[in-house]
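To start, the structure under review is shown below, and the notes come after it.
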Amino acid sequence: MKRVYKITLLLGITALVASCHNDKEPNYQYFPNMYESVGYETYSESKAFPEGKEGLLPAEGSINRGFEPYEYPNTTEGYQLAKANLKSPLDSLDRNSDKGKELFEIYCISCHGATGNGKGKLVEREKFLGVPNYKDREITEGSIFHVETYGLNAMGSHANQLSVHERWLIADYVLKLRSQL
C-alpha cells in the first residue's frame, strides 16, 4: 500500500511541475543581462561611458574595416608625388587586362571613349566638355590611380565604387590604351 502512495505522490508532483512549464517563455533565465541588454539611446547620458555621454568618437588612429589608407594627399603636390613615385603593386600574374577592360567599359568609357581619345558618349552629347585624350597627357600609373582615388576637375572620385585592386587594374589598362594611340 505504501508503494502505491509513493507512486501516486511521485506522479502528482511530476504532473504539478509539468503543468507549470510554458514552452513559449522560459521560466528561469540564467544571467538575464545576456538576454535583455540595456539599451542606450544615442547621445544620452550614462555613467557607463567616459564624460557621461553614449555617442563617442572612434579611438585615435582607428580605421574602418576594409579601408586601405592612401598616403598621398588630395592636393596638386600630392598628385605630382603620386605621378613621380607611386608604382603599381600588381605583379605580372595580377595584371588582368580583360578585367581592367571590363571595369574601364563600366566606369570610364562614357566620358573617355573606347580608345581613350576623350570622345565618349557623354562628350559627344555635350554633357561634359574638355575630357582629355590620353595621348596628349603625360600620365603614369601613379597619376591615374591618384585621379581615380580623388578625382580631378570635373571627374569625381571612384574610390567608393572601385576597390584599390580594381583601380590599379584600370590604371594598367589605361596605360595599355595610351600605348596603342
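Of all heavy-atom pairs between Ile170 and Gly100, the closest is CG1-O, 4.3 Å. In plain terms, the two heavy atoms of Ser97 and Lys176 that are nearest each other are CB-NZ, 3.4 Å. For the pair Arg178 and Lys135, the tightest heavy-atom approach, listed with the atom from each and the gap, is NH2-O, 4.1 Å.
Leu11 belongs to a hydrophobic cluster with Ile7, counting contacts under 4.5 Å between side-chain heavy atoms of Ile, Leu, Val, Met, Phe, Trp and Tyr, direct or through other members. Its side chain within the 4.5 Å cluster rule, Tyr79 clusters with Val147, Leu152, Met155 among the Ile, Leu, Val, Met, Phe, Trp and Tyr residues.
At least one side-chain heavy atom of Phe128 sits under 4.5 Å from a side-chain heavy atom of Cys111. Within the 4.5 Å cutoff, no side-chain heavy atoms of Tyr134 are placed close to those of Leu175.
Remark: the backbone N or O of Pro58 is not paired with any side-chain donor or acceptor of Ser62 at under 3.5 angstrom. Put simply, the side chain of Gln161 never gets that close to the backbone of His158: no donor and acceptor are under 3.5 Å apart. Between the side chain of His112 and the backbone N or O of Ser110, no donor-acceptor pair lies under 3.5 Å.
The distance from atom CG of Leu169 to atom CD of Glu102, rounded to the nearest 0.5 Å, is 10.0 Å. Interatomic distance, NE2 of His165 versus CG of Leu162, reported as 11.5 Å (0.5 Å rounding). Here the CD1 atom belonging to Ile139 is positioned 15.0 Å from the CZ atom belonging to Phe145, to the nearest 0.5 angstrom. Rounding to the nearest 0.5 Å gives a distance of 15.0 Å between CH2 of Trp168 and CG of Leu103. With rounding to the nearest 0.5 Å, the separation of CD in Glu138 from OG in Ser143 is 8.5 Å.
Shown here are the side-chain contact (heavy atoms from CB on, under 4.5 Å) partners of Tyr72, two or more places apart in sequence or in another chain: Tyr70, Leu81, Ala82, Asn85, Leu86, His146. Tyr107 pairs by the ring pair (Phe, Tyr, Trp, His ring centres under 6.0 Å) definition with nothing, not counting sequence neighbours. Looking at residues two or more places apart in sequence or on another chain, you find a side-chain contact (heavy atoms from CB on, under 4.5 Å) between Pro69 and Ile63, Phe67. Residues passing the side-chain hydrogen bond (donor to acceptor under 3.5 Å, both in side chains) test with Thr149, sequence neighbours excluded: Arg167. By the side-chain contact (heavy atoms from CB on, under 4.5 Å) test, Val123 pairs with Val131, sequence neighbours left out. With sequence neighbours excluded, no residue forms a salt bridge (Lys or Arg N to Asp or Glu O under 4.0 Å) with Lys127. Residues that satisfy the side-chain hydrogen bond (donor to acceptor under 3.5 Å, both in side chains) test with Arg95, not counting sequence neighbours, are Asp172. With sequence neighbours left out, Leu129 forms a side-chain contact (heavy atoms from CB on, under 4.5 Å) with Glu126.
Hydrophobic clustering keeps Ile106 apart from Leu122 (ILVMFWY residues linked when any side-chain heavy atoms are closer than 4.5 Å, directly or through intermediates).
Note on residues 81-91: no pairs pass salt bridge (charged side-chain N to carboxylate O under 4.0 Å, His left out), not counting sequence neighbours.
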